[in-house]
Amino acid sequence: VQLQASGGGLVQPGGSLRLSCAASGMFNGGGLAWYRQAPGKQRELVASITKGASTVYADSVEDRFTISRDNSENTVSLEMNSLKPEDTAVYYCNARVGSKDYWGQGTLVTVSS
């Protein structure tokens, strides 16, 4: 399974960004998620979505971020609104196939004025 993420960048506080990730290879439609890792901190779950579109969000992003997926294209997106400086991190796309996790290369999101 290969994951290719895109969409990071620099945005001002209060702004919006959309991250996208495409899964290829032996991906059979398992769970998809976005994680992030800020400097000096552990990687944390941001949001996850099942094939049936059930979602889970970290408390810190609830009501600001929206995760979605297109099962026909094997893509997952993260719409991020009302961004805060504390959202600054490298964001990683994740796919779970059976008991195995696959990771994308990470895309940097910087929220700063």
Side-chain angles (χ1 to χ4, degrees):
V1 176
Q2 294 81 45
L3 299 169
Q4 182 67 45
S6 61
L10 173 65
V11 64
Q12 292 187 342
S16 299
L17 274 178
R18 182 180 178 88
L19 305 182
S20 297
C21 178
S24 60
M26 298 297 290
F27 181 65
N28 63 355
L32 292 167
W34 288 95
Y35 285 72
R36 68 186 180 187
Q37 187 167 19
K41 294 187 177 181
Q42 290 188 329
R43 190 173 297 189
E44 63 175 359
L45 175 69
V46 176
S48 66
I49 185 167
T50 66
K51 187 175 183 178
S54 294
T55 57
V56 172
Y57 292 93
D59 289 343
S60 60
V61 307
E62 187 84 54
D63 298 327
R64 298 189 297 123
F65 291 11
T66 301
I67 190 170
S68 59
R69 66 186 286 167
D70 184 331
N71 292 330
S72 65
E73 298 288 335
N74 284 338
T75 58
V76 60
S77 297
L78 185 69
E79 185 73 34
M80 304 184 292
N81 298 312
S82 301
L83 282 161
K84 304 175 181 180
E86 50 264 43
D87 294 317
T88 295
V90 177
Y91 284 70
Y92 296 91
C93 177
N94 167 273
R96 174 155 291 185
V97 180
S99 60
K100 190 167 183 179
D101 283 311
Y102 295 88
W103 298 93
Q105 81 282 14
T107 184
L108 177 63
V109 172
T110 303
V111 184
S112 175
S113 56

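We're numbering straight along the sequence, starting at 1.
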Exercise. What's the verdict on side chain to side chain contact (heavy atoms under 4.5 Å, CB included) for Asp87 and Met80, showing C-alpha distance, side-chain angles and the deciding distance?
Worked result: CA-CA 9 Å; Asp87 294 317; Met80 304 184 292; over 6 Å; no
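- Within a 6.0 Å radius of CD in Gln42, no more than 12 heavy atoms belonging to other residues, nucleotides or ligands are found.
- Closest of all the heavy-atom pairs between Phe65 and Val46 is CD2-CG1, 3.7 Å.
- Taking CG from Leu108 and OG1 from Thr88, the interatomic distance works out to 8.0 Å, rounded to the nearest 0.5 Å.
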Exercise. Under the side chain to side chain contact (heavy atoms under 4.5 Å, CB included) criterion, do Val61 and Arg36 qualify, and how do the steps go?
Worked result: CA-CA 12 Å; Val61 307; Arg36 68 186 180 187; 3.9 Å; yes
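- The nearest pair of heavy atoms linking Trp34 to Leu19 is CH2-CB, 3.7 Å.
- Under the disulfide bond (SG atoms under 2.5 Å apart) criterion, no residue pair touches residues 29-71, with sequence neighbours excluded.
- Both Val109 and Tyr57 are assigned to one and the same hydrophobic cluster, defined by single-linkage of ILVMFWY side chains at heavy-atom distances under 4.5 Å.
- Taken to the nearest 0.5 Å, the CD atom of Gln105 stands 7.5 Å off from the SG atom of Cys21.
- Here the closest non-hydrogen pair linking Leu45 and Ala58 is O-CB, 3.4 Å.
- A distance of 10.0 Å separates OG1 in Thr66 from CD1 in Ile49, rounded to the nearest 0.5 Å.
- Val111 and Val90 fall into different hydrophobic clusters, where Ile, Leu, Val, Met, Phe, Trp and Tyr residues are linked whenever their side-chain heavy atoms come under 4.5 Å apart, directly or through other members.
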For this session: For the pair Glu79 and Ser68, evaluate side chain to side chain contact (heavy atoms under 4.5 Å, CB included) and give the outcome as yes or no after the intermediate values.
Result: CA-CA 8 Å; Glu79 185 73 34; Ser68 59; over 6 Å; no
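- Atom CD of Glu62 and atom OG1 of Thr55 lie 7.5 Å apart (nearest 0.5 Å).
- The closest donor-acceptor contact from the side chain of Arg64 to the backbone of Ser82 lies under 3.5 Å.
- At distances below 3.5 Å, not a single donor-acceptor pair connects side-chain atoms of Ser20 with backbone N or O atoms of Ser77.
- Residues passing the side chain to side chain contact (heavy atoms under 4.5 Å, CB included) test with Ser112, sequence neighbours excluded: Leu10, Thr110.
- Connection of Leu83 to Tyr35 is not established within any shared hydrophobic cluster, with ILVMFWY side chains joined at heavy-atom distances below 4.5 Å, either directly or through further cluster members.
- Below 30°, between 30° and 60°, or above 60°: for Tyr92 and Trp103 the angle between ring planes is above 60°, a perpendicular geometry.
- The structure places CG of Leu3 at 7.5 Å from CG of Asn94, a figure rounded to the nearest 0.5 Å.
- Taking OG of Ser48 as the reference point, atom CD1 of Ile67 lies at 6.0 Å (rounded to 0.5 Å).
- Nearest approach of Ala47 to Leu78, heavy atoms of both residues: CB-CD1, 4.2 Å.
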